[in-house]
Q: 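Can you read through this structure? Questions will come right after.
If you read the sequence from its start, that first residue is 1, and numbering goes on from there.
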Amino acid sequence: MKSVEMPSSLTVKELAEMLNKTPVEIIKQLMRSGVMANVNQVLDHDMASATALALGYEVKPSSPSESPSVRSKAEGDNLSPRPPVVTVMGHVDHGKTTLLDHIRKTNIASREVGGITQHIGAYQVEIDGNKITFIDTPGHEAFTQMRARGAKITDIVVLVVAADDGVMPQTIEAIDHARLAQVPIMVAINKMDKPDADPDRVKRELSEQGLVIEEWGGDVMCTPISAKKGEGISDLLESILVLAEVLELKADLKVLARGVAIEGGVDKLRGPVATLLIQEGELKVGDTIVCGGSWGRIKAMLNDQGKRVKRAGPATPVEILGLDSPPQAGDAFSMVKDEKEARLKSQKKGKEFPRTQVITSPEVKDLNIVLKTDVEGSIEPIKSSLEELSNDKVLLRVIYARSGIITEGDILLARASNGMIVGFNTSYGTGTKKLAEREGVDTHLSEVIYKLMDEMGMVIQGMLEPEFVDVVDGIGEVREVFSSAKGKKVAGVYVLEGSLKRGVRVRVMREGEEICESTIVSLRRFKDDVREVETGFECGVGIRDFSEFKVGDRIKSHVRRKKDESTYQEAGITVPRNDKRPSHS
């Protein structure tokens, strides 16, 4: 048995370093002893010694002079610990809802069509005095759609994988979407009661996706469970609380309440209803809020059990009544001082929502790509070729790359990232082409690499701010100067080239020097007002704020045109205006 000298006090982190353990292992052992602690928690000698003994160490007392210094993390005066918000994800029918069903001691799964979740819900449970908020989604699509609206609501993702089925396509997509949202992942290997359960196979397949569990030397917490029989659930909940302690989740209770809408709808009897997740502050009945383009004064607030509550704090889901219209999932909400401010903010915001597209600087635009290829071997060369198309104005990033057909998940990921689909030698899955059109996601498919690169090069060119050039549209020469009835001078002009048009910009040139730039305000042929005079004809020309004409002056009309616009049109690419994404005709 190894021996250690234990000081009179030290932090969890320092104890972990002393015992050559991770902070997570120390926190787990403390929880088994009934102690909740975070990495900066100070332990006294007795508690630290008991923990070391439980982990197989012999403890020797040390002198105070040998004790390491105790450090504590400075925290804001108003910050308080809050419950973790957990999203359960995974392949269809791998047991996500059955897991929550057991945790909540309800029978949600049996009431849902085909055993598949039909809605988004948020539920809070209490485990040994510690709360956990669960987001139950129909799959990664809803998670991604909320993220597309700028909503970051999840602290931890629990990835449920069936022990008899292994890693499936939706499992991989869930992993990718969680990573893009930069949310830590925990694994629950479900259906361990099945005779053909093979957890080692699951762990191996997860490692192939870059998720290496702690048992194999990685940093991903993994718990075997049977959601049907309730086995391993308490270990999973303990692991969630441990990870939450490591993350040191906190919220400010003193600020005005804000958060995000999980779902919205209209009840026939109650009117617009919304499920909100509070992230900061405290929400109370009677508060006025703005949620996306909706606003209202909270008339009633219910918790996840359907019971009326008067107030709710951070990481708490509530259903509210009182909005003028239902918000959309992912809409941010914030508390305001009165209804006047609420109306103004809701009108200004409307139903707009932030995209997750990141602009590196005001001058640089991001072009996010979801790449699908025929085989895995094609991914790296095509990805490299695409990223080499970036320039100092447009940064092309391949955010997701897999082989296979284009799936609904690919379309939703592209939409969430404000990007587009690029496919090499692949095709659409069932219904995905219509989904892409409905979601406004551009797709570029080709079976020839150089054609695909040429097309993407044109897309990038189309994203650049258009360059304009001045094009001379007509030239006239002043042959005579007349005085009009109003005392202003009018030029008698002979059109040498092109045409002169009323309303166009012109420059008046004298001996090669520009003396005026203005607009033609009057154009006459004999006694008639005309809109245009072409080459070889004479006309009377009046120019706004200028009348000092001299015989021999040249009047040049000019227009501004986009440089090389015809090139894009020939390629079948619509040149985007402002910040609109290019689309392929």
Q: Assess the residue pair D287 and R297 against the criterion (side chain to side chain contact (heavy atoms under 4.5 Å, CB included)); give the C-alpha distance rounded to whole Å, side-chain angles, the decisive distance to 0.1 Å, and a yes or no.
A: CA-CA 6 Å; D287 287 343; R297 184 172 176 271; over 6 Å; no

Q: Please step through side chain to side chain contact (heavy atoms under 4.5 Å, CB included) for the pair C539 and V495, ending with a clear verdict.
A: CA-CA 8 Å; C539 57; V495 182; 4.3 Å; yes

Q: Which residue is it: T426, T407, D410? I am looking for the one with a side chain to side chain donor-acceptor pair (under 3.5 Å) to K372.
A: D410

Q: Would you please name every residue forming a salt bridge (charged side-chain N to carboxylate O under 4.0 Å, His left out) with D529, sequence neighbours left out?
A: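 If we apply the salt bridge (charged side-chain N to carboxylate O under 4.0 Å, His left out) test to D529, skipping adjacent residues, the hits are R524.
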
Q: Quick check for you: to the nearest 0.5 Å, what is the distance between F333 atom CZ and I278 atom CD1?
A: 5.5 Å

Q: Between E280 (side chain only) and D252 (backbone N and O only), is there a donor and an acceptor less than 3.5 Å apart?
A: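 Checking the backbone N and O of D252 against the side chain of E280, a donor-acceptor pair under 3.5 Å is found.
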
Q: If we only count heavy atoms from C-beta on, is the L500 to I475 side-chain gap below 4.5 Å?
A: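 They are not in contact (no side-chain heavy atoms under 4.5 Å apart), so the answer is no.
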
Q: Any sub-3.5 Å donor-acceptor pair from S384's side-chain atoms to E380's backbone N or O?
A: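 Yes, the answer is positive, given that a donor and an acceptor are paired below the 3.5 Å cut-off.
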
Q: Of the non-hydrogen atoms in K299 and V285, which two are nearest, and what is the gap between them?
A: O-CG1, 3.7 Å

Q: S378 side chain to D374 main-chain N or O, any donor-acceptor pair under 3.5 Å?
A: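 Here the side-chain-to-backbone pair does not exist.
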
Q: Between E319 and T275, do the side chains contain an N or O donor and an N or O acceptor separated by less than 3.5 Å?
A: no

Q: Establish, from distance only, whether the side-chain atoms of T432 and K434 form a donor-acceptor pair under 3.5 Å.
A: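 Per modelled atom types, T432 and K434 side chains form no pair under 3.5 Å.
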
Q: Is any side-chain heavy atom of M456 closer than 4.5 Å to one of M458?
A: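 No - every pair of side-chain heavy atoms lies 4.5 Å or more apart.
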
Q: Distance from L79 atom CG to K254 atom NZ, nearest 0.5 Å?
A: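 Going from CG on L79 over to NZ on K254, the span is 12.0 Å.
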
Q: Quick one: does I421's side chain get under 4.5 Å of D442's, heavy atoms only?
A: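 Answer no - side chains too far apart.
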
Q: Looking only at heavy atoms, which two atoms of L277 and T133 are closest? And how far apart?
A: CD1-CG2, 4.1 Å

Q: Of V478, V508, L496, which is the lone residue that meets side chain to side chain contact (heavy atoms under 4.5 Å, CB included) with R554?
A: L496

Q: Is any side-chain heavy atom of V86 closer than 4.5 Å to a side-chain heavy atom of T154?
A: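 A side-chain contact is absent here, since even the closest heavy-atom pair is not under 4.5 Å.
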
Q: Is any side-chain heavy atom of E447 less than 4.5 Å from a side-chain heavy atom of F424?
A: no

Q: Could you pull out the closest heavy-atom pair between C291 and L276, with the gap in Å?
A: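 Smallest heavy-atom distance, with atoms named: SG-CD2, 4.2 Å.
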
Q: Could you tell me whether R397 and D366 have a side-chain N and a carboxylate O separated by less than 4.0 Å?
A: yes

Q: Salt bridge or not for D155 and R82, using N-O below 4.0 Å?
A: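 Yes, D155 and R82 are salt-bridged.
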
Q: Quick check for you: to the nearest 0.5 Å, what is the distance between R507 atom CZ and S518 atom OG?
A: 12.0 Å

Q: Could you pull out the closest heavy-atom pair between A342 and T288, with the gap in Å?
A: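 Of all heavy-atom pairs spanning A342 and T288, the closest is CB-CG2, 3.7 Å.
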
Q: Should we count CD of E387 as having more than 12 external heavy atoms under 6.0 Å?
A: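 For E387, atom CD is crowded (more than 12 foreign heavy atoms under 6.0 Å).
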
Q: Taking the side chain as everything from C-beta on, heavy atoms only, tell me whether V530 gets closer than 4.5 Å to R502.
A: no

Q: Over all heavy atoms of both residues, which pair between V318 and A312 is shortest? Give the atoms and the distance, please.
A: CG1-CB, 3.7 Å

Q: Quick one: are V504 and T519 in side-chain contact, heavy atoms under 4.5 Å?
A: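 No, side chains not in contact.
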
Q: Apply side chain to side chain contact (heavy atoms under 4.5 Å, CB included) to the pair H558 and R505, showing each step before the final yes or no.
A: CA-CA 6 Å; H558 57 95; R505 300 289 293 179; 3.8 Å; yes

Q: Might you point out which heavy atoms bring S294 and D324 nearest each other, and give the distance in Å?
A: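 Reported closest heavy-atom pair: CA-OD1, 3.4 Å.
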
Q: Any ion pair linking K550 and E548 (charged N to carboxylate O, less than 4.0 Å)?
A: no

Q: Could you measure the distance from the CG atom of L523 to the CZ atom of R531? Nearest 0.5 Å is fine.
A: 10.5 Å

Q: Would you tell me whether T373 and S403 have side-chain atoms, one donor and one acceptor, within less than 3.5 Å of each other?
A: no

Q: Do S522 side-chain atoms and V541 backbone N/O form a donor-acceptor pair below 3.5 Å?
A: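 Looks like no, no N/O pair under 3.5 Å.
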
Q: Measure the CD1-NE2 distance between I172 and H91 for me, rounded to the nearest 0.5 Å.
A: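 Here the rounded value is 10.0 Å.
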
Q: Measuring from atom CG of N368 to atom CE of M420, what distance do you get when rounded to the nearest 0.5 angstrom?
A: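 CE of M420 is found 9.5 Å from CG of N368.
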
Q: Verify the neighbour count for atom CZ of F546: are there more than 12 heavy atoms of other residues, nucleotides or ligands below 6.0 Å?
A: yes

Q: R510: which residues meet the salt bridge (charged side-chain N to carboxylate O under 4.0 Å, His left out) condition with it, sequence neighbours left out?
A: D553

Q: Do I156 and I185 have side-chain heavy atoms sitting under 4.5 Å apart?
A: no

Q: Who are the salt bridge (charged side-chain N to carboxylate O under 4.0 Å, His left out) partners of K433, not counting sequence neighbours?
A: none

